[in-house]
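Encoded as structure tokens, the structure appears first; notes follow it.
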Amino acid sequence: MKNLGVPPTLLMENAGRSVAEAVSGLLGDVTGKRVTVVCGKGRNGGDGFVAARHLFAAGSIVRVVLMARRSELGGETLFHYSILRRLASTTEARGRLSIAEGSAAGRSPQAEPPSAVIDALFGTGFHGNIRGASRKAVDWINGAGCPVIAVDLPSGLNSDDGSTGDMCVKARLTVSMGAWKTGLLLGHGPGVAGRVEIADLGIGMRSGWAPEECSFLIRGGDIGECLPVRSPQVHKHSVGKILALAGSVGLTGAAVLAATAAMKSGAGAVVLAVPKTVYPLIGKRCTEVMVKPVSDSSEGTFSNASLDSLRDELDWADVILVGPGVGMHNDVHRFMESLLKLKNKRFLIDADGLNHIAADKALLRDLKRNTCILTPHPGEFSRLSGHRGPEIEKKRMILAKKYAKNVGVCLVLKGS
């Protein structure tokens, strides 16, 4: 509207038509099928009015429930509602298009159960708890016993962080306008949104947007485009050499899993260095990975003595993975201190490697000597950043970006 001068009534028309098309795609032929559209007083409700009109035109029996009074509507929402009211007064609409509003909406009887319900109550501006009569509406939507199609996002879901209050619509299908909303991907979003379709509003979504204002969803096709095409002349030492420093007494599975995954992902050669105490066990489980036993502590962990036997491998490796299953012994901490003082290396630090950094923030200075990727889960990130778990889940993207920028690393905050 601001950058292109597109009238808001046209955007609402495109949005509502997209919802109607999605309902038709879900139900098949909508002729004679009953659809209830539950609308709020904002633009989300306006999209619902347009969807109701298009479904009526396609042959559906449409019931519109406006959870507000007509006097509360304004702008393009009132514009499309007025069209719908005039349409409902025609002879053609008798018995096939009905509208209940305000206090009458909650009392309006439903002759037969609907084939689908459209949730057009609340849109992207909603946060907090659903209140008043809308709570009964959400209860009815969730108990309708038929597919629920949410407009833009399920009512009750925060579009930015995926949080919900004490109740939220549970949709089978969500029609998101123009682009994904981050709340559909984070927190409770994936659990309540169902399948998500992106509606084309006919304007594109990048007009006037700077890249730093955007977030990006990575899909399989994006990864495929980034992977290089390998020449027929390559050999294992020319397509990725990984040194994995992992494992200790009682924590051997993490080492095996990490090294095997590195091999599976396409690395040419993987050397798994492990404390010599656990070498017999790990060596039997790794059939493709090269396993090297190194000097260890009396507790069966890495120690500074381990580094002396790894000089060649540290120079050989393109990437050094450290952390899975190394434990939190003092000898391991001194090992981490010495390792991170190396320069111009590429480190991927996970698991207990992260916990050692969290326990000694002085190690953060050493990260800047190298190129580092940190891969914490929320618990590890809490220890690194000092933020509590619930705050991290609510502000995943904000806190992850801030930490990565301040520390100078690439951060992969794991989760759904």
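In what follows, every heavy atom counts, from backbone to side chain, and hydrogens, waters and symmetry copies are set aside.
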Is a donor from one side chain sitting under 3.5 angstrom from an acceptor on the other, for [X] and [Y]?
| X | Y | answer |
| --- | --- | --- |
| S163 | K394 | no |
| H188 | E393 | no |
| E299 | S297 | no |

Could you pull out the closest heavy-atom pair between [X] and [Y], with the gap in Å?
| X | Y | result |
| --- | --- | --- |
| G353 | M336 | O-CE, 3.8 Å |
| I149 | A116 | CD1-CB, 3.9 Å |
| H127 | N158 | CB-ND2, 3.6 Å |

> Tell me the side chain to side chain donor-acceptor pair (under 3.5 Å) pairs involving residues 276-287, sequence neighbours left out?
Replying inline: T277-D296
What do you reckon, is [atom1] of [X] surrounded by more than 12 foreign heavy atoms closer than 6.0 Å?
| X | atom1 | result |
| --- | --- | --- |
| L217 | CG | yes |
| K361 | NZ | yes |
| R369 | CZ | yes |
| R365 | CZ | no |
| K241 | NZ | yes |
| R43 | CZ | no |
| K41 | NZ | no |

>> Please list all pairs meeting salt bridge (Lys or Arg N to Asp or Glu O under 4.0 Å) that have one or both residues in residues 406-416, counting only residues at least two apart or in different chains.
In response: D350-K414
>> Listing request: all salt bridge (Lys or Arg N to Asp or Glu O under 4.0 Å) pairs with a residue in residues 327-337, at least two apart in sequence or in separate chains.
In response: D331-R334
Check this for me, if you would: do [X] and [Y] make a salt bridge, where the nitrogen-to-carboxylate-oxygen distance has to be below 4.0 angstrom?
| X | Y | result |
| --- | --- | --- |
| R63 | E112 | no |
| K345 | D315 | yes |
| R219 | D222 | no |

>> Could you work out, with ring-ring contact (aromatic ring centres under 6.0 Å, His included) as the rule, every residue matching H80, not counting sequence neighbours?
In response: none
> Can you tell me how far the OG1 atom of T375 sits from the CD1 atom of I349, to the nearest 0.5 Å?
Replying inline: 9.0 Å
Taking the side chain as every heavy atom from C-beta outward, state whether [X] and [Y] have any atom pair closer than 4.5 Å.
| X | Y | result |
| --- | --- | --- |
| L340 | L367 | yes |
| C39 | V64 | yes |
| R346 | I373 | no |
| L121 | S134 | yes |

> In a check of side-chain contact (heavy atoms from CB on, under 4.5 Å) between I118 and each of V175, V151, V65, which one passes?
Replying inline: V151
>> For R172, give me all partners under side chain to side chain donor-acceptor pair (under 3.5 Å), at least two apart in sequence or on another chain.
In response: none
> If you look only at pairs with a residue in residues 331-353, which of them pass as a ring pair (Phe, Tyr, Trp, His ring centres under 6.0 Å), with sequence neighbours excluded?
Replying inline: F302-F335, H333-H356
